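Everything on this sheet refers to the single structure shown next.
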Amino acid sequence: MLLTRKDLDLAVDQGVLDAARAEGLWAFLLRKNAQRPQFDLQHLLYYFGALLVMGAMGWFVNESWERFGGLGLLLIALAYAGVFATVGWWLWTKAGYRVPGGLLVTLAVWMTPLAIYGLEVLTGMWPQAVPGAFAKYHVLVRGSWLLMEAGTVLAGLLALRFFRFPFLTFPVAFALWYMSMDLTPLLFGRTEFSWDERKLVSLCFGLIVLAVTYVVDRRMREDFAFWGYLFGLMAFWGGLSAMESHSELGKLAYCGINVGLLLVSILVQRRVFLVFGALGVAGYLGHLAWHVFKDSLAFPFVLSLIGLLVIAAGVQYRRHGEALERVVLAALPGWLRNGLPQYRRGLGD
């Protein structure tokens, strides 16, 4: 819920709050949210600058960097990480500068893959065959990238131990997403593998990431779970959607799983589940339109009616949604309600 000063002024005008309490509440909210990212020019510059550095030292590193050799790449990565971590720690300790400080610490973690790659080139030790230039890290699926990803996860978790900055979960979740793809050749013990094997590993690994993220989400009041949910769903939903089913029953089951994602989005209040679930349901309806009922004149009209009913359901949910959620959550078994994230449990009380 977005609360503005105008909302408090309106509450005062309608007698819900007195002016003194409204003033005190607003001062408290300002102090509480002073360090949170906001949509203003200041934070836009912070995050845009961090994105440029991530691109420069990650996605846009080209093959000419190989001229530095393993030792050169290792030293460059360590130098960058050291400067980022030192300045980030210094800003983190200054009042009002925790966001740029946290972003610089995140950039230090982002240097981990390059540092490990340089070390592997220097020592010649790879989990599998030599994967090629670092520039191919973001392009090709290779089992030999695994140590780079595992190192990034460990570096991110270590940084989170000292800096409780939610965006630090981005490089961790990003590395886990890559790991979901690069695990396939290692698990099957070969560099060549089928798409079916890749889809299965992606789906299972995505489920694991979602489960771990959920555990984190239910223990934390701050949002440390967003990136885990996003990349976990990309791995799980991507693998699931890429699987081919030659039966209508299988495709219906796929639609049912996506409807389940829509329900999960309500329970845990995460729109990312809503987005992926809606895409899946839309894909299934598209299948019906183009393959099952392609010669039916009635299908577009029936589908339009269903769409209007969904909109009507949304209108009713807008009116009675909170009361309905309280009833549903109160009806859940105690163990299930207690398993929800902390920000959701109170609705069932």
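Since the model is a prediction, treat every value here as computed from it, not as a measurement.
A donor-acceptor contact shorter than 3.5 Å links the side chain of Y117 to the backbone of F134. Judged by distance alone, with hydrogens and angles left aside, the side-chain atoms of R218 form no donor-acceptor pair with the main-chain N or O of V215 at under 3.5 Å. Side chain of K199 to backbone of A242: a donor-acceptor contact under 3.5 angstrom is found. Under the 3.5 Å distance criterion, the side-chain polar atoms of S265 are matched with a main-chain donor or acceptor of L262. W177 contributes no side-chain N or O that, together with a main-chain N or O of G228, makes up a donor-acceptor pair within less than 3.5 Å. Without hydrogens or angle criteria, D182 side chain to R142 main chain gives a donor-acceptor distance under 3.5 Å. Of the possible polar contacts, none joining the S144 side chain to the P131 backbone as a donor-acceptor pair under 3.5 Å is found. Using modelled atom types, no side-chain atom of T112 and backbone atom of A155 make a donor-acceptor pair closer than 3.5 Å.
Side-chain rings of W92 and F163 approach one another, their centers coming within less than 6.0 Å. If you look at F167 and Y47, their ring centroids are closer than 6.0 Å.
Residues passing the salt bridge (charged side-chain N to carboxylate O under 4.0 Å, His left out) test with R271, sequence neighbours excluded: none. By the ring-ring contact (aromatic ring centres under 6.0 Å, His included) test, Y46 pairs with H43, sequence neighbours left out.
Applying the 6.0 Å contact sphere to CH2 of W89 captures no more than 12 heavy atoms from other residues, nucleotides or ligands. The number of heavy atoms from other shown groups lying within 6.0 Å of CZ (F224) is above 12.
In this structure, the side chains of L107 and L103 stay at 4.5 Å or more apart for every pair of heavy atoms. A heavy-atom distance below 4.5 Å is found between the side chains of W145 and K136. Between V130 and V121, the closest side-chain pair of non-hydrogen atoms is not below 4.5 Å.
Evaluated for a ring-ring contact (aromatic ring centres under 6.0 Å, His included) with F174, the options Y137, W227, W110 yield exactly one hit, W110.
Between the CG atom in L207 and the OG atom in S180 there is a gap of 11.5 Å [rounded to 0.5 Å].
There is a side-chain donor-acceptor pair under 3.5 Å between Y254 and S241.
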